[in-house]
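Reading through the structure tokens given below for one structure.
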Amino acid sequence: GVYYDGYEEMQQQKDEERKHLNDTLATIEASTVKVQSYVFHMWRYYNFARMRKGADFYLLLSNYSYVTWWSAAQSLVIVAAGYLQLHFLKRLFHTRSTTDTNKPRC
């Protein structure tokens, strides 16, 4: 066979480069897995927040309808109470201008 000077050194250098490359790839792979995990958790949190936002929106619509109807009902009660007070106050001061026999009063 043929022997070259420095063959063992070149082989050792190639092994070191391969080891360094494998370490670099392992580091990149570990970082990728970590980032993928973070993205997955962020995505889950985002979806959970989006679902809560939808539920809150429908609750808000429901409460809006409830408050609107109760406000309208209370407004009608207030207007009716005012009308009845005015009616009874007028009736309290109302005097008849004729008697039971339809003769004018003095």
List, by chain and number, the other hydrophobic cluster members for L86, where Ile, Leu, Val, Met, Phe, Trp and Tyr join if side-chain heavy atoms come within less than 4.5 Å, directly or indirectly. none

When Q12, K19, K14 are each screened for side chain to side chain contact (heavy atoms under 4.5 Å, CB included) with E16, the one that passes is Q12

Are any of the side-chain heavy atoms of R44 and H41 separated by less than 4.5 Å? yes

Could you work out, with salt bridge (charged side-chain N to carboxylate O under 4.0 Å, His left out) as the rule, every residue matching D23, not counting sequence neighbours? none

Under the salt bridge (charged side-chain N to carboxylate O under 4.0 Å, His left out) test, which residues partner R52, sequence neighbours left out? D56

Run the side-chain donor-acceptor check on residues 62-70: report pairs under 3.5 Å with partners two or more places apart or on a different chain.
{"from": "T68", "atom 1": "OG1", "to": "Y64", "atom 2": "O", "distance (Å)": "2.7"}

Can you list everything that forms a salt bridge (charged side-chain N to carboxylate O under 4.0 Å, His left out) with R18? Sequence neighbours excluded, please. D15

I need the K53 NZ to Y46 OH distance, nearest 0.5 Å. 8.0 Å

With sequence neighbours left out, what residues match R91 under side-chain hydrogen bond (donor to acceptor under 3.5 Å, both in side chains)? none

